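Below is one structure, written out as structure tokens; comments come after it.
Quick caveat: nothing in here was measured; it's all calculated off a predicted structure.
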Amino acid sequence: MPEVQRLRAGHATALLAFERENRAYFAASVPDRGDAYFARFEERHRVLLAEQEAGVCHFHLLVDGGGVVWGRVNLVDVADGAAELGFRVAERAAGRGVASAGVRRVCELAGSEYGLSSLRARAAVDNAGSRAVLTRTGFTQAGEVELNGRPGLRFVRGPVG
């Protein structure tokens, strides 16, 4: 199982490779990041590291022993002891427990390292894989939401840790 690593400057090349390799796969279930994301990747990476340093976000990669990125699990919009959790895994990792293991570990870190007490998440109604990961990792459905024009569900988890 890949290791959860906090995002750092040295991850840029492997993270960009992960995003490029899986772009079409991700676009099938979530909005595409767009060409600008890839064209300005290094700048965006620096911005994410600055946000992490400021404590408003916590970014994590799921990395194997060879440095290959298998997924991402992020905590964003950190405020008042809570954050929004988001995740994505490579197509080659889908259905192998990678997302569930990564989300579980980041939920532990949320409580033990970042002092958070609750988490929120969202998933499209037609994204059965993401909904299953959230349910398996202790999130409960908390209502409906629109996600880029598509029906979605809100989830919550608390306490975390």
request  = Could you go through the side-chain hydrogen bond (donor to acceptor under 3.5 Å, both in side chains) check for His60 and Gln5 one step at a time?
outcome  = CA-CA 5 Å; His60 308 85; Gln5 297 180 2; over 6 Å; no
**OP:** Step by step, work out the salt bridge (Lys or Arg N to Asp or Glu O under 4.0 Å) result for Arg6 and Glu113.
**Re:** CA-CA 11 Å; Arg6 190 162 166 89; Glu113 299 293 320; over 6 Å; no
Show, in sequence, the C-alpha distance, side-chain angles and deciding distance for Arg40 and Asp35, and conclude whether the salt bridge (Lys or Arg N to Asp or Glu O under 4.0 Å) test is met.
CA-CA 9 Å; Arg40 298 183 178 149; Asp35 292 338; over 6 Å; no
TODO: Quick one: do Glu3 and Arg105 satisfy salt bridge (Lys or Arg N to Asp or Glu O under 4.0 Å)? Show the steps, please.
DONE: CA-CA 9 Å; Glu3 174 187 5; Arg105 179 64 183 130; over 6 Å; no
Margin query: Let's go through Arg104 and Thr137 carefully: what are the C-alpha distance in whole Å and the side-chain angles of both, what is the deciding distance for side-chain hydrogen bond (donor to acceptor under 3.5 Å, both in side chains) to 0.1 Å, and is it a yes or a no?
Written below: CA-CA 6 Å; Arg104 275 190 199 97; Thr137 57; over 6 Å; no
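Between Leu75 and Val106, some side-chain heavy-atom pair lies under the 4.5 Å cut-off. When side chains are defined from C-beta on, Glu19 counts as touching Phe26, because their heavy atoms get closer than 4.5 Å. At a threshold of 4.5 Å between non-hydrogen side-chain atoms, the residues Trp70 and Met1 do not count as touching.
Looking at His58 and Gln52, their side chains never bring a donor and an acceptor atom within 3.5 Å of each other.
Under the 4.5 Å side-chain heavy-atom criterion for Ile, Leu, Val, Met, Phe, Trp and Tyr, Val69 and Phe87 are members of distinct hydrophobic clusters. Each of Leu119 and Val76 belongs to its own hydrophobic cluster when Ile, Leu, Val, Met, Phe, Trp and Tyr are linked at side-chain heavy-atom distances under 4.5 angstrom. Under the 4.5 Å side-chain heavy-atom criterion for grouping Ile, Leu, Val, Met, Phe, Trp and Tyr, Val47 is not connected to Phe18 through any hydrophobic cluster. Cluster membership check: Val30 shares its hydrophobic cluster with Phe59, using side-chain heavy-atom separations under 4.5 Å among Ile, Leu, Val, Met, Phe, Trp and Tyr.
Across all non-hydrogen atoms, the minimal contact from Arg157 to Val160 is O-CG1, 3.8 Å.
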